[in-house]
Amino acid sequence: MIKIMDILIRPYQPDDSIPEITALLHRAYARPAGQDVRFWASRQDDAVTEKRLKTGTSFLAVRDGAIVGTISVYGPDRDSPAEFYRREDVNFFGQFGVDPALQGTGLGKRLYQTVEDHCQKNNVKYLALDTCQDAAELIEMYQRWGFKQVDRVKWEVVDFRSIIMAKELTAPN
Ligand SMILES: CC(C)(COP(=O)(O)OP(=O)(O)OC[C@H]1O[C@@H](n2cnc3c(N)ncnc32)[C@H](O)[C@@H]1OP(=O)(O)O)[C@@H](O)C(=O)NCCC(=O)NCCS
């Protein structure tokens, strides 16, 4: 039985291993990639992992010294093809993966909550994400977490269409 609280969630640090994080993402995204959807994170290289980690604010889940989960959150992107991501009051998250051995244990929700807390502290109005329009299970999970579809986008690097989902955050107590 895995005790989830033994896993530390902490900010990414410059001496964390990029190849270890790329390998984790490949493992994490292999399951949806094995279905009809082939997410970019299932095949991205270290340069992409590093750019995505460092462009945003990134968090890692660490267990016994091994990286077992990751998530990154980004400020508005004025050059994004997704109109919603260009809004000044929006942050969006991505590169969100948990080691398959730990999926379904609540770790993903904890990583997500770390990002939501971070955004609330920074008075972000809307937290958003994008996922494949056919990823029904993921879309339902995000709906349970309070997200609604607000936009559509077609990224150049993948062969499927995506939806943008967003959640209005409440001010911290
Ligand atoms: C998405 C992901 C990060 C979630 O992490 P996780 O540790 O598995 O998630 P949790 O255990 O915290 O569960 C999150 C929710 O999904 C549900 N869930 C988890 N595993 C599930 C499964 N196998 N089938 C159905 N629902 C499942 C949980 O019930 C939970 O729902 P709730 O929050 O409404 O109670 C993880 O599954 C993953 O890495 N998936 C592959 C990569 C990916 O798809 N990333 C997101 C791209 S947009």
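Positions are given from 1 along the sequence. We use all heavy atoms of the structure for the numbers below, so side chains are in, but hydrogens, waters and symmetry mates are not. For ligands, and for the atoms within them, numbers begin at 1 and follow the listed sequence.
Contacts between Trp145 and ligand 1, counted as non-hydrogen atom pairs separated by less than 4.0 Å, involve the side chain only. At a 4.0 Å heavy-atom cut-off, ligand 1 touches Tyr142 through the side chain alone. Of all the heavy atoms of Leu138, the ones lying under 4.0 Å from any atom of ligand 1 belong exclusively to the side chain.
The distance from ligand 1 to the heavy atoms of Ala28 drops below 4.0 Å at these ligand atoms: 39 (O), 41 (C), 42 (C). Applying the 4.0 Å criterion to heavy atoms of Glu137 picks out, from ligand 1, the atoms 24 (N), 25 (C). Near Leu107, with a cut-off below 4.0 Å to any heavy atom, the atoms of ligand 1 are 7 (O), 12 (O). Of all atoms in ligand 1, listed by their number and element, those nearer than 4.0 Å to a heavy atom of Tyr29 are 42 (C), 43 (C), 45 (N), 46 (C), 47 (C). Within the listing of ligand 1, atoms 5 (O), 6 (P), 7 (O), 9 (O), 12 (O) sit less than 4.0 angstrom from a heavy atom of Gly108. Proximity to Lys109 (heavy-atom distance under 4.0 Å) selects the following atoms of ligand 1: 12 (O), 33 (O).
The existence of a salt bridge linking Arg63 and Asp6 is excluded, since no basic side-chain nitrogen approaches an acidic carboxylate oxygen closer than 4.0 Å. Taking a cutoff of 4.0 Å between a charged side-chain nitrogen and a carboxylate oxygen, Arg78 and Glu88 qualify as a salt bridge. Ion pair Arg10/Asp16 flagged as a salt bridge, since at least one NZ, NE, NH1 or NH2 atom sits closer than 4.0 Å to an Asp/Glu carboxylate oxygen.
Here the shortest heavy-atom distance to atom 29 (O) of ligand 1, taken over Met141, Arg110, Met165, Arg144, belongs to Arg144.
A distance-only check finds a donor-acceptor pair linking the side chain of His26 to the backbone of Gln44 [under 3.5 Å]. In this structure a side-chain-to-backbone donor-acceptor pair under 3.5 Å is missing from Thr57 to Ser72. Side-chain atoms of Tyr74 come within 3.5 Å of backbone N or O of Arg52 as a donor-acceptor pair.
Using a 30° and 60° split on the angle between ring planes, Phe39 and Tyr29 fall in the perpendicular class, above 60°.
Taking the ring centroids of Tyr112 and Phe93, they lie under the 6.0 Å cut-off.
Annotation: side-chain contact (heavy atoms from CB on, under 4.5 Å) contacts of Asp134 (sequence neighbours excluded): Cys132. Every residue meeting the side-chain contact (heavy atoms from CB on, under 4.5 Å) condition with Ala61, not counting sequence neighbours, appears here in chain and number order: Ile7, Ile9, Val68, Leu107, Leu111.
For ligand 1, one of its N or O atoms has an N or O atom of Gly104 under 3.5 Å away. The distance criterion of under 3.5 Å between nitrogen or oxygen atoms is not met by Thr131 with respect to ligand 1. Residue Gly97 has no N or O atom closer than 3.5 Å to an N or O atom of ligand 1. Note: an N/O pair closer than 3.5 Å links Gly106 and ligand 1 by distance alone. Inclusion of Asp130 in the set of residues having an N or O under 3.5 Å from an N or O of ligand 1 is not warranted.
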